[in-house]
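Notes to accompany the following structure.
Computed from a prediction, not measured in an experiment: that's the story for all the values here.
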Protein chains: 2
Amino acid sequence: MNGPARIRVMVVDDHPLLREGIAAVLARQTDIELVAEAADGLEAIEQFRQHRPDVTLMDLQMPRMNGIDAIAAIRRDHPAARMVVLTTYKGDAQALRAIKAGATGYLLKSTLRKEMVETIRSVHAGRRHVPAEIACEIAEHVADDALSLREIDVLGRVAVGNTNREVARQLGISEETVKAHLKNLFAKLSAKDRTHAVMLALKRGILQI
Amino acid sequence: MNGPARIRVMVVDDHPLLREGIAAVLARQTDIELVAEAADGLEAIEQFRQHRPDVTLMDLQMPRMNGIDAIAAIRRDHPAARMVVLTTYKGDAQALRAIKAGATGYLLKSTLRKEMVETIRSVHAGRRHVPAEIACEIAEHVADDALSLREIDVLGRVAVGNTNREVARQLGISEETVKAHLKNLFAKLSAKDRTHAVMLALKRGILQI
DNA sequence: GCTGCGCTCCCCCATCCGGGGGAGTCGCTG
DNA sequence: CAGCGACTCCCCCGGATGGGGGAGCGCAGC
């Protein structure tokens, strides 16, 4: 049966065992072909150039270059590339950022085999595929605005135990400004204090551990 | 070739794709046989009873019942059971707790196929198998003592934005006592303040997000 | 029986934090 | 150009935080 061309897929993840699992599932599909694998964002860009897969499954948390940057880089050169985000958590900041970067689908690693191949077919057919679970998480938080880069920077320094004064010195700004940034981001995150703010930022994927 | 009995393996993980990957790798080994799968701790206990695998690969973070509790429960009834921890992070508190619960091996999910099968054979042969990477992490922190249950409880409440007074009221103790617990755990974690302490506890697997 | 440690409580006090207010510059966008 | 938001700085001030000290009780191990 040499019918319609098969969907050419690349999988990008730093866990070899997970790649192996995806390969095993895809091998059982007659209409899907795994043409490339990569363990991080840089490899992904290189492999994409060589193999031009129809659909790319991309993890977000990876060494060297993360998935968001890799998606953005690939989409810049190949706007037609179909990218499906593959991640463990359902952090909304991550999801939103990935979709902004050009992802057309979103898959949790805890999903079943069937859902994965359906997503690949769906995305290849040109449809967006974001599960209701994720869509809700995103909708829940697009209302309250995102943190600015400066606010994220300040919060990141607070997270590692710096006082307002230390953050101010590190950034070359006044302590009052640091306090202003914190006041603003507390309101955005609905945080009760700096510790709570760090926890919420971690939950939403704004900060990483 | 119906030679020596094959090593009977069970894999416990809430990610079906990862289980699939492990199954694919094990299928290529002539001396290893995958006899059972489970998606959480409770299923693991049930499946163990039914199939009595020689070696169990167990994830730590799972819904319903986590891996530590499952390992402890299985080892209580079957002290000879060989348990290998399979996890994403190398948090030392997790590693140490797992080994205390009776794990005989420790595997990072980012390890290669080869290392996994070698670990299975090694553990089945009665050897302990903890990679140097993990052993170092553990050794680095066994010197400074672990947090007490009360301290972990206090820190967990601080992490979600409670003030010392609120924590005191929740626990029915004095605010001074809460401050004492915090002072002690700051010293144990080498934390600069409560926010830093929460971050360090998350890194070490003492707290979960 | 003594020691160590977890847990509890108390004191003092310098410092930090966070909420309230206002205000200026810059750059983007409608 | 007017408005908005990010970023910057300033004021005041009550309350929270954290570092220092000491102390009692109960339980487990040596």
Notebook entry, point to check: Would a 4.5 Å heavy-atom cut-off, applied to side chains only, mark A:L18 and B:L18 as touching?
Noted result: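 With C-beta onward as the side chain, the pair touches.
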Next item on the list: Report yes or no: do B:R169 and B:N164 form a side-chain donor-acceptor pair below 3.5 Å?
Entry: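 Looking only at side-chain atoms, B:N164 and B:R169 do not form any donor-acceptor pair under 3.5 Å.
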Margin query: So, under a plain 3.5 Å distance rule, would you say the side chain of A:K183 forms a donor-acceptor pair with the base of C:dG18?
Written below: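 When only heavy-atom distances are counted, A:K183 does not reach the base of C:dG18 through any donor-acceptor pair under 3.5 Å.
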Note to self: With a 4.0 Å limit, can you tell me whether B:S174 has a side-chain N or O closer than that to the phosphate oxygens OP1/OP2 of C:dC10?
What the structure shows: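 For C:dC10, OP1 or OP2 has a side-chain N or O of B:S174 closer than 4.0 Å.
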Next item on the list: Ignoring backbone atoms, test whether A:K188 places a side-chain nitrogen or oxygen under 4.0 Å from the OP1 or OP2 oxygen of D:dA6.
Entry: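 Checking A:K188 against D:dA6: at least one side-chain N or O falls below 4.0 Å of OP1 or OP2.
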Under 3.5 Å, is there a donor-acceptor pair between the side chain of [X] and the main chain of [Y]?
X      : Y      : answer
A:S174 : A:E176 : yes
B:R19  : B:E37  : no
A:Q50  : A:Q47  : no
B:E43  : B:D40  : no
B:N162 : B:V158 : no

Notebook entry, point to check: Of the nucleotides D:dC10, C:dC10, C:dG18, which one has an atom closest to the side chain of A:E176?
Noted result: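 Among D:dC10, C:dC10, C:dG18, the one nearest the side chain of A:E176 is D:dC10.
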Next item on the list: Choose from C:dG18, D:dT17, C:dG6 the nucleotide whose nearest atom is closest to any side-chain atom of B:S148.
Entry: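 Shortest atom-to-atom distance from the side chain points to C:dG6.
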Item checked: Atom of B:V25, atom of B:M116 and distance for their closest heavy-atom approach ->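 Scanning both residues, the minimum pair turns out to be CG1-CE, 3.7 Å.
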Check: Of all heavy-atom pairs between A:H51 and A:A36, which one has the smallest distance, and what is that distance?
Finding: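 Shortest heavy-atom separation between A:H51 and A:A36 comes out as ND1-CB, 3.7 Å.
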Next item on the list: Could you pick out which residue, A:A180 or B:R150, lies toward the 5' side of DNA chain C when each is mapped onto its nearest nucleotide?
Entry: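 First, find each residue's nearest nucleotide; the 5'-ward one identifies B:R150.
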Next item on the list: Take the C1' atoms of the five end pairs on each side of the helix from C:dG1-D:dC30 to C:dG30-D:dC1, get both axes, and report the angle to 10 degrees.
Entry: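 About 50°, once rounded to a multiple of 10°.
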Check: Looking for any heavy atom pair under 4.0 Å, which part of the strands does A:D193 touch: base, sugar-phosphate only, or nothing?
Finding: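 Answer is sugar-phosphate: A:D193 comes under 4.0 Å of backbone atoms only.
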Notebook entry, point to check: So what does A:T177 touch, heavy atoms closer than 4.0 Å: a base, only the sugar-phosphate, or nothing?
Noted result: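 A:T177: base contact, heavy atoms under 4.0 Å.
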Notebook entry, point to check: If you pin A:I173 and B:R194 to their nearest nucleotides in DNA chain D, which one's is more 5'?
Noted result: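 It is A:I173, whose closest nucleotide lies nearer the 5' terminus.
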Margin query: What is the separation between atom CD1 on B:I152 and atom C1' on C:dG6, rounded to the nearest whole Å?
Written below: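 To the nearest whole Å, that distance equals 13 Å.
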Check: How many Å lie between CG on B:N184 and P on C:dC5, as a whole number?
Finding: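 After rounding, the gap between these two atoms is 12 Å.
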Checklist line | DNA chain D-proximal residues of residues 157-169 of chain B, any heavy atom under 4.0 Å | finding: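 Here the set is B:T163, B:N164, B:R165.
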